[in-house]
Amino acid sequence: MSGTARITQVATVGIHVTDQQKAMKFYVDELGFEVRRDVPFGDGRWIEVAPPGAATTVALVPEGVPAGIRLTTGDADAAHGGLLAHGVDADAQVLRMGPAVPPMFAVRDPDGNSLILVEGL
């Protein structure tokens, strides 16, 4: 396998929404998506929806939570170290927010787009 991050899949595309409940209703009732995850997250909720059978989900994230593409890696620490060693613009540290949230960090591509690598989603 080439690359230093050992990315296994595009897991989630996070989009900012102003009202999570209203957005979830739109995606489920109007587009026919199913709710894959709806759990407490900080002061709000972490909600993911997807078309039936789809591998990649859409996260309906509130303001203040980074939007963007979340990629899966088997080992966030190894991926982080490998990318930094190759000069990739990555966060200084792997973010750890407790046992309910997997380790993660962001990288920026040459155009400044942010990608979030999450361990084992």
Side-chain angles (χ1 to χ4, degrees):
M1 174 187 314
S2 63
T4 58
R6 296 175 216 65
I7 294 168
T8 57
Q9 70 178 349
V10 175
T12 304
V13 176
I15 60 170
H16 281 135
V17 299
T18 56
D19 182 324
Q20 287 179 303
Q21 191 64 36
K22 185 176 178 180
M24 183 169 59
K25 183 172 176 41
F26 170 79
Y27 280 90
V28 172
D29 294 347
E30 304 303 329
L31 299 184
F33 285 27
E34 58 190 18
V35 177
R36 295 282 181 84
R37 186 171 287 139
D38 184 356
V39 297
F41 181 79
D43 293 335
R45 294 160 46 202
W46 183 263
I47 300 171
E48 292 180 28
V49 296
T56 302
T57 63
V58 176
L60 308 174
V61 298
E63 290 299 323
V65 175
I69 299 171
R70 286 162 174 77
L71 307 170
T72 302
T73 184
D75 184 336
D77 291 309
H80 183 254
L83 290 167
L84 286 177
H86 279 88
V88 172
D89 179 12
D91 289 349
Q93 298 179 343
V94 174
L95 178 64
R96 289 179 166 73
M97 299 185 341
V101 179
M104 66 184 79
F105 65 96
V107 299
R108 270 92 27 214
D109 72 10
D111 293 305
N113 297 303
S114 184
L115 304 165
I116 301 165
L117 278 71
V118 181
E119 184 174 301
L121 273 180

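Ala50 and Thr56 get closest at one heavy-atom pair: CB-O, 3.7 Å. Annotation for Gln20 and Pro62: closest pair NE2-CD, 3.4 Å, computed over non-hydrogen atoms. Between His16 and Pro66, the shortest heavy-atom contact is NE2-C, 4.3 Å.
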Got a list of side-chain donor-acceptor pairs under 3.5 Å for residues 92-107, not counting sequence neighbours?
from	atom 1	to	atom 2	distance (Å)
Arg96	NH2	Asp77	OD1	2.9
Arg96	NH2	Asp77	OD2	2.5

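Atom CG of Asp91 is separated from atom CD1 of Ile116 by 8.5 Å, given to the nearest 0.5 angstrom. In this structure, Leu60 CG and Asp19 CG are separated by 10.5 Å, a value rounded to the nearest 0.5 Å. With values rounded to the nearest 0.5 angstrom, Asp75 atom CG is found 5.5 Å from Glu119 atom CD. The CG atom of Leu117 sits 11.0 Å away from atom CZ of Arg6, with the distance rounded to the nearest 0.5 Å.
Asp111 pairs by the side chain to side chain donor-acceptor pair (under 3.5 Å) definition with nothing, not counting sequence neighbours. A search for side chain to side chain donor-acceptor pair (under 3.5 Å) contacts involving Asn113 returns Asp109, not counting sequence neighbours. For Asp89, the side chain to side chain donor-acceptor pair (under 3.5 Å) partners at least two apart in sequence or on another chain are Arg108. Legend: residues meeting side chain to side chain donor-acceptor pair (under 3.5 Å) with Gln21, ordered by chain and number and at least two apart, are Arg45. Remark: Asp29 pairs with Lys25 by the salt bridge (charged side-chain N to carboxylate O under 4.0 Å, His left out) rule, at least two apart or across chains.
Checked by atom type, the side-chain pair Thr57/Thr12 shows a donor-acceptor distance below 3.5 Å.
At a threshold of 4.5 Å between non-hydrogen side-chain atoms, the residues Val10 and Leu71 count as touching. No side-chain heavy atom of Ile15 sits under 4.5 Å from any side-chain heavy atom of Val61.
Using modelled atom types, no side-chain atom of Thr73 and backbone atom of Val118 make a donor-acceptor pair closer than 3.5 Å. Using modelled atom types, no side-chain atom of His80 and backbone atom of Ala90 make a donor-acceptor pair closer than 3.5 Å.
Among pairs with a residue in residues 50-61, none fulfils salt bridge (charged side-chain N to carboxylate O under 4.0 Å, His left out), at least two apart in sequence or across chains. Residue pairs meeting the ring-ring contact (aromatic ring centres under 6.0 Å, His included) criterion with at least one partner in residues 34-70, sequence neighbours excluded, are Phe41-Trp46.
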Evaluate the side chain to side chain contact (heavy atoms under 4.5 Å, CB included) criterion for residues Arg36 and Ile47: first the C-alpha distance (whole Å), next the side-chain angles of each, then the deciding distance (0.1 Å), finally the verdict.
CA-CA 8 Å; Arg36 295 282 181 84; Ile47 300 171; over 6 Å; no
